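Written out below as structure tokens is the structure these notes cover.
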Amino acid sequence: MYLKRLELKGFKSFAKKSEFVFDVPVVAVVGPNGSGKSNIVESIRFVLGEQSVKSMRGKTGSDLIFKGSRTISKMSRASVSIVFDNRDRVFNLHDKSNSKIDVNFDEVVISREVFSDGTNRYMVNDHEVRMKDIHELIASVNIGASGHHIISQGEADRYLNANVKDRRILIEEALGLKIYQFRLKESRRKLEKAEVNIRESEILRRELSPHLKFLKKQVNKIEKGKQLRIELSKKYNDYFSKEDYLIENLTNKIEIEKKYLENKLNEVKKFFLEHKDPEKRIYHKEDDLIKKKQIFIQDWQGKIDINNRELGKIEGMLSLLEKKDKDDKANKSNNKNFSYIQIDFLFKKILSLLSRLNDKNILKITSDVEKEFDKFINVDESDDNSMNIDNSLEIKELKRKKNVIVDATKEAFSYISELKSEINLLEKKIVDLNNEERESQKQYYGYVALNRELDSKREILSNKIDLINKRVVDRNEEYNEAIVLLGKDIFSYQRVLIDSDSLITEYTQEKFRRDIERIKIKIEDIGGGSGIDVIKEYEETLERDVFLENEILDVKDTIKSLESIIKDLKLKLDLEFNTGIEKINVQFNKFFKLMFGGGSAKLESLLIKKRSKKNLEEDPLGFINEDDTKIEKEYGIDIKVNLPRKKVSALEMLSGGERSLTSIALLFALSQVNPPPFLVLDETDAALDEANSQKYGDMIETLSKFSQLILVTHNRETMSRAHTLFGVTLGKDDSSTVLSLRLEDATKYAK
Ligand code: ATP
């Protein structure tokens, strides 16, 4: 790979298209002051992606465009192209994903344009690319925009002027480690971005979490609600099937009862039409008759009593008379005496006969009594024929009376017995009438009771009808409510079949209703609605959460690999830097000795800062305190010089020439260790005296073996070492013009 060409158009003083062909190891750009030599150096910086307009001596991008002269008008853009030979295919673009940039060509042409508004356009082989791509592309061949290979005017001592930290950066760049730094920076940037991403994702997840939880709860509720609705619709289906069956059953029963009642009522009505209330009949006639007959009996009994008393009297008198008669007879004749015992015997016999007296044997008893008396008296009479006539008459009379009374008594007894049997008949009649009466009353009051019973039954039936009507109303209300709650579809499927054996009662239905109410309350608690929106939101939120979770995991992986990349890069950088410093020091010391004819010089690592750096591996999210972070050491580069025969320890103590020599020694050492494809030195030799110019020229020749050299110079010694000279002059049109001179001519020109 080597630099082939440089083309300028409209860049600064180069209004016309100017071309520089670098086909020799050393070219020198010569020309009077202000002719535009340094503009060429700046054009190289520019095309390689320099971002600092100031370093190209401008304020804005438009300062880089030809401003116009008396003869040439102001231009609207400046363009510079640099052409490299790439037959060895060293150009490489790290970002392989960008398929637009193909550098697999023999020539790589990098172009940059700047427009009056300050905008830039970059191209690689006519493909527009990003500035970043240019940076990476040139880093891959060990050149950079403001790198070590372009030393502008007065910039030779930049290594000496820089502070220790910047010096390390410059040296790193000179060692070709910029590509690592670049990658390190990229990786760190990516790492930072990843950390930010992970933090943002975590924050988002944390923010999402309560909402997700809330939605999850809602979704669970909705799911539960759905289950409850299914349960409810099943229950409803079962309930209504049974309820309808029950209502039908109850209605049928009521119909039957109603019919039965109607029949019974008709029967009762008919009975009452035909039967009056049986009044309580009192049987006065029979009772009166009985009473009258009883009075008769009493009368007769009274008469019997009187007769008995009369009879007693008569008998007493009779006995007295008969005794007297006997006594008289005994007195007259030895008539048999009646002892007291005989009389007492007779008396007792009569009493015993009388004691057997009752209604039936009354006549017989009286006749027996009479016979006893006859017997007693006759015995007496037979024994005494000479009875006193007076006594006999009286006795006769008494006996007649007695007979009359006995007959009367007999008659009375027969009347009494007759009356009693009549009373018996009457009483029997009353009993019969009473029985008859009781029977019809029983029937009547039976119907009265039945009527009353039917009344209450009718009342009960009417209540039942009210209840069944209410049941139907309730059922319909419930049905409508069910439709409102669950939609019409729930009843579209097959009703539950009720088999006739199943026991369905108001009680079992009530239990059903209670179950239904319970489920309804639960559904109400959960809240209505199908929740489609909530479910959708939940799914979206969950998806987002899962996405974030995965993203966090991915980013964590990325962080891990970035950290390992960073670690590797740092290790490589450190290693290459340290070996680079060692190599530089060998060359630096050699060139220094050559320039100064002795002494020594070296670069030294210097610890400048301990920087705390979070341990990203352990704490990728940055949750650990700053205190718990790792310490990262930062080094700078110090320059130690030792002049021959002089006690100089600090760089500040060097003279201008000495400073220049030291700078050149270091510059050349760097170029020797890590030769850039080309090296641009703008008047680096300005401060050298003749002897040193000679040494400088020698070193140039050494360096040209490793790098192409483009030297802007006024130094004849330097010019003499070039193979081609580009003479730059400011033309009549006030724009720079280039004249190319080959080696032989150049030597002539130099002499
Ligand atoms: P020296 O030998 O003194 O260092 P030089 O040859 O390096 O001089 P430069 O510094 O390259 O000269 O060129 C400076 C010249 O370029 C100045 O004359 C300046 O006016 C001119 N110039 C700078 N920018 C523009 C521009 N945008 N348009 C036209 N001319 C410009």
Side-chain angles (χ1 to χ4, degrees), residues 6-20 22 27-48 50-82 112-121 145-146 150-158 656 660 663 679-688 693 696 709-719 722 724-741 746 749-750:
L6 181 72
E7 289 168 15
L8 284 73
K9 195 181 174 222
F11 187 84
K12 287 199 156 186
S13 55
F14 290 86
K16 297 161 288 188
K17 187 174 173 182
S18 307
E19 190 184 53
F20 299 87
F22 304 107
V27 298
V29 181
V30 299
N33 292 133
S35 59
K37 300 183 296 292
S38 293
N39 289 344
I40 299 168
V41 177
E42 279 151 14
S43 80
I44 298 173
R45 280 189 192 283
F46 171 78
V47 75
L48 295 179
E50 176 62 70
Q51 289 306 294
S52 159
V53 180
K54 204 178 149 202
S55 76
M56 296 179 282
R57 295 177 296 164
K59 274 182 192 152
T60 63
S62 68
D63 291 341
L64 303 177
I65 305 168
F66 181 71
K67 282 194 163 27
S69 65
R70 284 164 299 167
T71 50
I72 305 170
S73 55
K74 168 187 172 186
M75 299 183 83
S76 61
R77 66 172 171 182
S79 69
V80 179
S81 291
I82 194 164
R112 179 177 177 183
E113 289 174 309
V114 63
F115 299 89
S116 351
D117 63 356
T119 54
N120 286 272
R121 209 166 143 228
S146 51
I150 301 171
I151 309 297
S152 289
Q153 206 175 334
E155 236 191 18
D157 54 358
R158 60 196 276 208
S660 202
S663 295
L679 183 64
V680 182
L681 299 170
D682 191 350
E683 294 188 41
T684 311
D685 51 8
L688 304 181
S693 290
Y696 182 79
L709 297 177
I710 299 153
L711 312 167
V712 177
T713 186
H714 290 290
N715 191 310
R716 287 175 189 274
E717 182 57 43
T718 308
M719 284 182 215
T724 295
L725 283 182
F726 290 115
V728 182
T729 52
L730 211 58
K732 281 181 188 156
D733 54 5
D734 288 330
S735 83
S736 298
T737 313
V738 187
L739 183 79
S740 162
L741 284 147
Y749 179 80

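Remember, it's 1-based here, ligands and their atoms both numbered in the order they're listed. Small disclaimer: the values here were computed from a predicted structure and weren't measured.
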Checklist entry - So is there a nitrogen or oxygen of Gly36 less than 3.5 Å from a nitrogen or oxygen in ligand 1? => result yes
Checklist entry - After noting the C-alpha distance and the side-chain angles of Phe66 and Phe14, does the key distance pass the ring pair (Phe, Tyr, Trp, His ring centres under 6.0 Å) rule? => result CA-CA 7 Å; Phe66 181 71; Phe14 290 86; 9.8 Å; no
Checklist entry - Under the 4.0 Å line, does any protein heavy atom show up next to atom 20 (O) of ligand 1? => result no
Checklist entry - In Å and rounded to the nearest 0.5 Å, what is the OG to CG distance from Ser660 to Asp685? => result 8.5 Å
Next on the checklist: Does the residue Val712 have a heavy-atom contact with ligand 1, meaning some pair of atoms that are separated by less than 4.0 Å?
Outcome noted: no
Checklist entry - Within the distance-only criterion (no hydrogens, no angle test), does the side chain of Thr684 pair as donor or acceptor with the backbone N or O of Ala156 below 3.5 angstrom? => result no
Checklist entry - So which protein heavy atom does atom 5 (P) of ligand 1 come closest to, and at what separation? => result Gly34 N, 3.4 Å
Checklist entry - Under 4.5 Å between any side-chain heavy atoms of Lys37 and His714, yes or no? => result yes
Checklist outcome for this item: Min over Asn39, Ile65, Asn33 of heavy-atom distance to atom 13 (O) of ligand 1 lands on Asn39
Next on the checklist: Using heavy atoms and a 4.0 Å limit, tell me yes or no: is Gly31 in contact with ligand 1?
Outcome noted: no
Item to check | Note, Asp734 side chain near Arg70 side chain (heavy atom, < 4.5 Å) | outcome: yes
Checklist outcome for this item: Near Asp63 (heavy-atom distance under 4.0 Å), the atoms of ligand 1 are 27 (N)
Checklist entry - Does Ser69 reach ligand 1, in the sense of a heavy atom lying below 4.0 Å from it? => result no
Checklist entry - Should the proximity of Val728 to ligand 1, defined as any heavy atom under 4.0 Å, be assigned to the side chain, the backbone, both, or neither? => result neither
Checklist outcome for this item: For atom 28 (N) of ligand 1, the closest protein heavy atom turns out to be Lys67 N, 3.0 Å
Item to check | From Lys67 atom NZ to Ser62 atom OG, the distance as rounded to the nearest 0.5 Å | outcome: 5.5 Å
Checklist entry - Is a donor on one side and an acceptor on the other found under 3.5 Å between the side chain of Lys12 and the backbone of Met56? => result yes
Checklist entry - Got a salt bridge between Arg45 and Glu42, using NZ or NE/NH1/NH2 to carboxylate O under 4.0 Å? => result no
Checklist entry - Taking only heavy atoms of Ser35, which atoms of ligand 1 are found under 4.0 Å from at least one of them? => result 5 (P), 6 (O), 12 (O)
Next on the checklist: Checking contacts here: is it the side chain or the backbone of Ile40 that comes within 4.0 Å of ligand 1, counting heavy atoms only? Could be both or neither.
Outcome noted: neither
Next on the checklist: Does only the side chain of Gln153 get under 4.0 Å from ligand 1, or the backbone, or both, or neither? Count heavy atoms.
Outcome noted: side chain
Next on the checklist: Show the atoms of ligand 1 that are less than 4.0 angstrom away from any heavy atom in Phe66.
Outcome noted: 28 (N), 29 (C)
Checklist entry - Does Glu7 come within less than 4.0 Å of Arg112, counting only side-chain N to carboxylate O? => result no
Item to check | Arg57 near ligand 1 by a heavy-atom separation under 4.0 Å | outcome: yes
Checklist entry - Under 3.5 Å, side chain of Thr713 to main-chain N/O of Glu683, donor-acceptor pair present? => result no
Checklist entry - So which protein heavy atom does atom 30 (N) of ligand 1 come closest to, and at what separation? => result Ser13 CA, 3.7 Å
